[in-house]
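Naming convention: chains lettered A, B, ... in sequence-line order (proteins, then strands); numbering from 1 in each chain. The figures here come from the full heavy-atom set of this structure, side chains too, leaving out hydrogens, waters and symmetry mates.
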Number of protein chains: 2
Amino acid sequence: MAQLERTHLAIVRAVDQHGSLTAAAEQLHLTQSALSHAIRKLEDQLGVAIWTREGRRLRPTQAGAYLLSVANRLIPQLTHAEARLRQFAQGERGTLRIGIECHPCYAWLLKVVSPYLANWPDVDVDVKQEFQFSGIGALFGHEIDLLVTPDPLFRTGLQFEAVLDYEQVLVVGPRHRLAGTPCVQPDQLAQETLISYPVPIDRLDIYTQFLLPAGIRPKRHKPIETTDIMLQMVASGRGVAALPRWLANEYAERLGVTAIRLGERGIDKQIFLGIRQAEAGIDYLHAFVELARAHRNHGG
Amino acid sequence: MAQLERTHLAIVRAVDQHGSLTAAAEQLHLTQSALSHAIRKLEDQLGVAIWTREGRRLRPTQAGAYLLSVANRLIPQLTHAEARLRQFAQGERGTLRIGIECHPCYAWLLKVVSPYLANWPDVDVDVKQEFQFSGIGALFGHEIDLLVTPDPLFRTGLQFEAVLDYEQVLVVGPRHRLAGTPCVQPDQLAQETLISYPVPIDRLDIYTQFLLPAGIRPKRHKPIETTDIMLQMVASGRGVAALPRWLANEYAERLGVTAIRLGERGIDKQIFLGIRQAEAGIDYLHAFVELARAHRNHGG
DNA sequence: CTAACTCATGAATTCAATGCATGTTTTGAT
DNA sequence: ATCAAAACATGCATTGAATTCATGAGTTAG
């Protein structure tokens, strides 16, 4: 009997965003009265209050809060579906929404995206770095269509494939005492300043796979947003950083930084591409994975 | 301008299910004309065809197929949201939708569910064993609220917790030549008939962790649906099975079956409970996890 | 205490969704 | 071939649900 419609979701959402029915009405190009009527009717039909009216304020009830969470989850999906359908109309293939879960992933992506865009002029590319939850959650939740990550997940309706093998190395400046050493041991970093991207320590391989097992912590730890600045700091002797070897090499000549193996065996890493299994057949998605795979064989 | 409404999703879905507009109209308690008009309008507004009209048949276009997949994903969520809201109305807390990913999980669940139902009379419990993709996908997709699984996944917006440690053992009948042996080696099973639940081999620990590493395969492999029948078969000497020790013990006296350690160190397993992190605070959900945790400490 | 703002509500109105009647095409049986 | 049945399309009429309008009642702040 009662039907939860898109309008209801939109109203609840708008009220949450704007704080009042009146303001929400404006955004939705409706009158305050319309919203009031609409929600009133829904409340009657479901037999549950969405908001408690406290003075002239609307405070969501438990049911209201739940409805809001549903709205925040579903409305974006509806919106995206519409957009996608319109793209079909214009002969565009669609938008490839790529999610990134690590900084080196981004650097790698830049190399692959440009040839892809050239091959697929009717596909747009969107890159997102922030998700409601994790990248995998974003894949499941249809926030993104493709995930670039160091942490794959098999056997789940998703499909992962490695597209880049690389070595994580220590990068030091030209006059650093360790420059020229073939490899470095954890305790040699005890007096160093470690520069890294601003992510939790348990996401930094140099900690989880190198320093922490040896019980070592660097003297100081400094987070920096961008690779460029990070390496300028390293070049000027203000600290050391851990980066993929291929990324370090790109800066080696220009800045005079050098790469040093972490431990005797080095730290090996991979970057994976993940998609929803059900969509493995979509041509422009498949093509991206193919292109990435080709890149791998050339040696990125 | 164009709005993708719930009706559109419902129509596309119904047409897919029933094969024709006319039949779909009946299910939706509308006329064939209404559906025709509705979709026509949507097509005009979006500028894309949903179906190609081939004779008197409707074949979904690419856009139509896409729309159908969206419908199949979103309509159930809307339906469930409605149901949930009605539950709020009746003072019920909600429905705890539990997903099960392994057979022992089910046996374990049975023990925990009954005290839970007693403590939370206003919560319904639903158990699902089949998902569109994996259990983890079902959690992300809001098909279920709680997952019972041997394969946890950390750091993703989900929250996993171990609720049972147990040993996977070999179960043999009373007159079996191995009965009484303290532990068994892989090659001793080469001439046996192995009875297991009907799941792929790569989901059976006795294969992945015991037989396959040693390069052994049992003489025969027979899948059986239920634990009872499985153990009756074992008791009557028709084969051997691998089960949790605690589960085998429950049948030990009645059927005279005995448990034997697999290898010298045994195979240790865990069962985990997973929920969406955002919902960790929901009282009746939290209570289930608490109850499970308490069970663990008593020794299940 | 009033001015300004909020949401609620009943009645009027509008406009979109639906149904009806009918047309067109396909399908399949005779 | 022919004809009846079945399925979708479409123009027009109708209905009714959603929206607006006008107003009321309550809250807040200066």
Parallel, tilted or perpendicular: which describes the rings of Phe160(B) and Phe272(B), with under 30° parallel and over 60° perpendicular?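 The arrangement is perpendicular - the two ring planes meet at more than 60°.
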For Ala34(A), answer base if it contacts any base atom (sugar-phosphate contacts may also be present), sugar-phosphate if it contacts only those atoms, and nothing otherwise; contact means non-hydrogen atoms under 4.0 Å. base
Given atom [atom1] of [X] and atom [atom2] of [N], what is their separation to the nearest angstrom?
X        : N       : atom1 : atom2 : value
Trp51(B) : dA7(D)  : CH2   : C1'   : 13 Å
Arg59(B) : dA7(D)  : CZ    : P     : 18 Å
Ile39(B) : dT18(C) : CD1   : P     : 11 Å
Leu35(B) : dA7(D)  : CG    : P     : 13 Å

If the condition is salt bridge (charged side-chain N to carboxylate O under 4.0 Å, His left out), which residues does Glu161(B) pass it with, not counting sequence neighbours?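 Salt bridge (charged side-chain N to carboxylate O under 4.0 Å, His left out) list for Glu161(B), sorted by chain: Arg293(B).
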Taking only residues two or more places apart in sequence or in another chain, which ones pass salt bridge (charged side-chain N to carboxylate O under 4.0 Å, His left out) with Asp202(B)?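 Asp202(B) satisfies salt bridge (charged side-chain N to carboxylate O under 4.0 Å, His left out) with no residue once adjacent residues are dropped.
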Look at the side chain of [X] and the backbone N and O of [Y], then say whether any donor-acceptor pair between them is shorter than 3.5 Å.
X         : Y         : value
Arg86(A)  : Gly47(B)  : no
Tyr116(A) : Tyr284(A) : yes
His37(B)  : Ala34(B)  : no
Glu43(A)  : Ile50(A)  : yes

Please list, chain by chain and in numerical order, all residues satisfying side-chain contact (heavy atoms from CB on, under 4.5 Å) with Glu130(B), sequence neighbours excluded.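 Here no residue qualifies.
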Once side-chain hydrogen bond (donor to acceptor under 3.5 Å, both in side chains) is applied, do any residues pair with [X], and if so which ones, sequence neighbours excluded?
X         : value
Arg6(A)   : Glu82(A), Gln3(B)
Glu143(B) : none
Arg59(A)  : Glu54(A)

Just grab all the ring pair (Phe, Tyr, Trp, His ring centres under 6.0 Å) pairs involving residues 127-147 of chain B, residues at least two apart or on different chains. Phe140(A)-Phe140(B)
Hey, does the side chain of Arg53(B) come within less than 4.0 Å of dT25(C)'s phosphate (OP1/OP2), counting only N and O?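 The answer is no; no side-chain N or O of Arg53(B) sits under 4.0 Å from OP1 or OP2.
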Below 3.5 Å between N/O atoms, which protein atoms pair up with nucleotides 9-16 of chain C? Just atom names and distances, please.
residue	atom	partner	partner atom	Å
dT9(C)	OP1	Arg40(A)	NH2	3.4
dT9(C)	OP2	Arg40(A)	NH2	2.6
dT9(C)	O4	Ser33(A)	OG	3.0
dG10(C)	O6	His37(A)	NE2	3.0

Which atom pairs link the protein and nucleotides 25-30 of chain D when you take only N or O atoms and keep those under 3.5 Å?
residue	atom	partner	partner atom	Å
dT27(D)	O2	Arg56(A)	NH1	3.0

Bend angle of the helix from dC1(C)-dG30(D) to dT30(C)-dA1(D), from helix axes over five pairs at each end, nearest 10°: 30°
At a heavy-atom distance below 4.0 Å, what parts of residues 9-31 of chain B sit against DNA chain D?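 Hits under 4.0 Å, by residue number: Ser20(B), Leu21(B), Thr22(B).
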Listed pairs under 3.5 Å, donor-acceptor, residues 9-24 of chain A side chains, sequence neighbours left out:
residue	atom	partner	partner atom	Å
Arg13(A)	NE	Asn72(A)	OD1	2.8
His18(A)	ND1	Ala14(A)	O	3.1
His18(A)	ND1	Gln27(A)	OE1	3.1
His18(A)	NE2	Gln27(A)	OE1	3.1
Ser20(A)	OG	Thr22(A)	N	3.4
Ser20(A)	OG	Ala23(A)	N	3.0

